[in-house]
Amino acid sequence: MFSVLSRASCFIAIIILGQILRKTGFFKEEDFHVLSKIVLKITLPAAIVSSFAGTEIAPSMLALSLAGLGGGVLYMVLFFFMNLRSSKEKRAFEVLNSTGYNIGNFTLPFAQSFLGPTGVIVTSLFDTGNAVICLGGAYSVSSMIQGGGKFSIMKIVKKLLSSVPFVTYIIMASLSLLHLNLPEPITSFAGIIGNANAFMAMLMIGVGFKLTGDRAQLGSIVRILSVRYAIALALSLICYFILPFPLEYRQALAILVFSPIASAAPPFTAELKGDIGLSSAINSLSIVISIICIVCVLTIVL
């Protein structure tokens with residue numbers, strides 16, 4: 001338990017470091033865009049390559065990916081209808097910043113520490129479906145909402161295929177299903193870069209973190225996070241007590257639904273020219289809440 005809490009505390013410390021470096025002038029506010037490009041197009045894809053290296057997936061287990069996909073779709077639909085009377089900009093913002101799960105940078109260490117190999121496999125498959133949402137799906141839908149365009153599967157597919165992390169996920173999952181491995185020098189190189197992903201993602205959030213104290217901003221934060229975690233509680237109870245899966249699967253799913261909001265949300269918000277400070281604040285606070293929730297769930301299910 002101490003090692004997990006220690007790692008989680010490190011994540012928070014890195015976010016605080018990013019905020020301090022921006023306050024002291026080491027980073028400027030516009031540097032967030034540079035950091036977000038590094039995360040989305042370099043360190044995150046490398047982390048995906050590294051995590052899939054040497055892993056084989058049985059086709060029958062792909063059903064678990066639907067859980068990750070379904071959770072993201074649920075939040076997108078819910079927040080879309082909650083904002084029907086809001087401006088298209090606000091609707092797009094809340095759809096993008098309420099969905100997806102930060103698993104690779106955050107929840108996977110919990111699975112590794114407490115749930116063993118089975119927990120890691122369930123987590124990886126869940127994250128494969130989740131990747132459709134957080135690495136392009138939510139952004140595609142949000143951009144269409146903001147642009148006033150009609151819903152189009154082809155537009156979503158096109159945007160997904162332009163997402164470097166998503167394409168990397170598809171390639172690596174396909175290789176795993178075919179029992180093929182990339183050459184060792186490539187995976188080693190990717191591993192070195194991918195090891196920096198957690199640090200870069202948390203630093204990026206810290207640099208972008210901005211709370212103005214404005215009542216409208218605080219209201220949005222409370223609204224999004226309260227709905228998000230109320231739904232997560234219900235999903236966790238369903239996963240653990242109702243789903244007809246082995247105990248190890250249900251334990252993993254019970255903590256996965258409490259994962260923080262996807263770390264890709266702030267950089268995607270930047271691409272939509274949305275409120276980066278609010279997005280980063282929501283993302284950062286979701287990490288703190290998720291630490292508390294996941295630790296509590298682990299003490300109950302183990």
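Here the structure is a predicted model, which is why all the values come from computation and not from measurement.
Taking each heavy atom of Asn102 and Ser263 in turn, the nearest pair found is ND2-CB, 3.6 Å. Scanning all heavy atoms of the two residues, the minimum distance from Pro260 to Arg228 falls at O-NH2, 3.5 Å. Smallest separation of non-hydrogen atoms from Cys134 and Tyr101: SG-O, 4.3 Å.
Taken to the nearest 0.5 Å, the CG atom of Leu17 stands 11.5 Å off from the SG atom of Cys10. Within the model, atoms CD1 of Ile292 and CD1 of Ile287 stand 12.5 Å from one another, a figure rounded to the nearest 0.5 Å. Atom-to-atom distance recorded for Cys293:SG and Leu298:CG is 11.0 Å, nearest 0.5 angstrom. Here CD of Glu94 is found 6.5 Å from CE of Met82. Values are rounded to the nearest 0.5 Å. Distance check: Ile145 CD1 to Lys90 NZ gives 13.5 Å after rounding to the nearest 0.5 Å. Atom CD1 of Ile192 is separated from atom OG1 of Thr187 by 10.0 Å, given to the nearest 0.5 angstrom.
Proximity of a side-chain donor or acceptor of Ser142 to a complementary backbone N or O of Ala92 within less than 3.5 Å is detected. Ser176 places no side-chain N or O within 3.5 Å of a backbone atom of Met172 that could act as its donor or acceptor partner. Remark: the backbone N or O of Ala190 is not paired with any side-chain donor or acceptor of Ser50 at under 3.5 angstrom. Checking side-chain atoms of Asn283 against main-chain N and O of Ala262 turns up a donor-acceptor pair under 3.5 Å. A distance-only check finds a donor-acceptor pair linking the side chain of Arg91 to the backbone of Asn83 [under 3.5 Å]. Judged by distance alone, with hydrogens and angles left aside, the side-chain atoms of Ser226 form a donor-acceptor pair with the main-chain N or O of Val222 at under 3.5 Å.
Applying the ring-ring contact (aromatic ring centres under 6.0 Å, His included) test to every pair with at least one member in residues 12-41, sequence neighbours left out, gives no pairs at all. For residues 255-302, the ring-ring contact (aromatic ring centres under 6.0 Å, His included) pairs, not counting sequence neighbours, are Tyr139-Phe268.
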Considering only distance and modelled atom types, tabulate donor-acceptor pairs under 3.5 Å from the side chains of residues 237-256, sequence neighbours left out.
{"from": "Arg250", "atom 1": "NE", "to": "Phe245", "atom 2": "O", "distance (Å)": "2.9"}
{"from": "Arg250", "atom 1": "NH1", "to": "Tyr240", "atom 2": "O", "distance (Å)": "2.6"}
{"from": "Gln251", "atom 1": "NE2", "to": "Val301", "atom 2": "O", "distance (Å)": "2.9"}

Let me check something: any side-chain donor-acceptor pairs from residues 64-72 under 3.5 Å, sequence neighbours excluded? List them with distances.
{"from": "Ser65", "atom 1": "OG", "to": "Leu62", "atom 2": "O", "distance (Å)": "3.4"}
{"from": "Ser65", "atom 1": "OG", "to": "Leu125", "atom 2": "O", "distance (Å)": "2.9"}

Q: Take Ser174 and Ile170 through the test side-chain contact (heavy atoms from CB on, under 4.5 Å) and record every step on the way to the result.
A: CA-CA 6 Å; Ser174 299; Ile170 293 299; 4.2 Å; yes
Q.
Is there a side-chain contact (heavy atoms from CB on, under 4.5 Å) between Leu182 and Val49? Walk through the geometry before answering.
A. CA-CA 9 Å; Leu182 291 174; Val49 171; 3.9 Å; yes
Q) So Ile261 and Thr99, side-chain contact (heavy atoms from CB on, under 4.5 Å) or not? Walk me through it. A) CA-CA 6 Å; Ile261 296 169; Thr99 192; over 6 Å; no
(Q) Using the rule given for side-chain contact (heavy atoms from CB on, under 4.5 Å), can you reason through Ser286 versus Leu225, listing the C-alpha separation, both sets of side-chain angles and the distance that settles it, and then say yes or no? (A) CA-CA 7 Å; Ser286 78; Leu225 292 179; 3.9 Å; yes
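By the side chain to side chain contact (heavy atoms under 4.5 Å, CB included) test, Pro183 is found to be paired with Pro185, Ile186, residues two or more places apart in sequence or in another chain being considered. In this view, Thr269 and Asn97, Ser279 satisfy the side-chain hydrogen bond (donor to acceptor under 3.5 Å, both in side chains) rule, not counting sequence neighbours.
Within a 6.0 Å radius of OH in Tyr229, more than 12 heavy atoms belonging to other residues, nucleotides or ligands are found.
The cluster map of Ile, Leu, Val, Met, Phe, Trp and Tyr, joined by side-chain heavy atoms under 4.5 Å apart, puts Val167 and Leu40 in different clusters.
A donor-acceptor pair shorter than 3.5 Å can be found between the side chains of Ser188 and Glu184.
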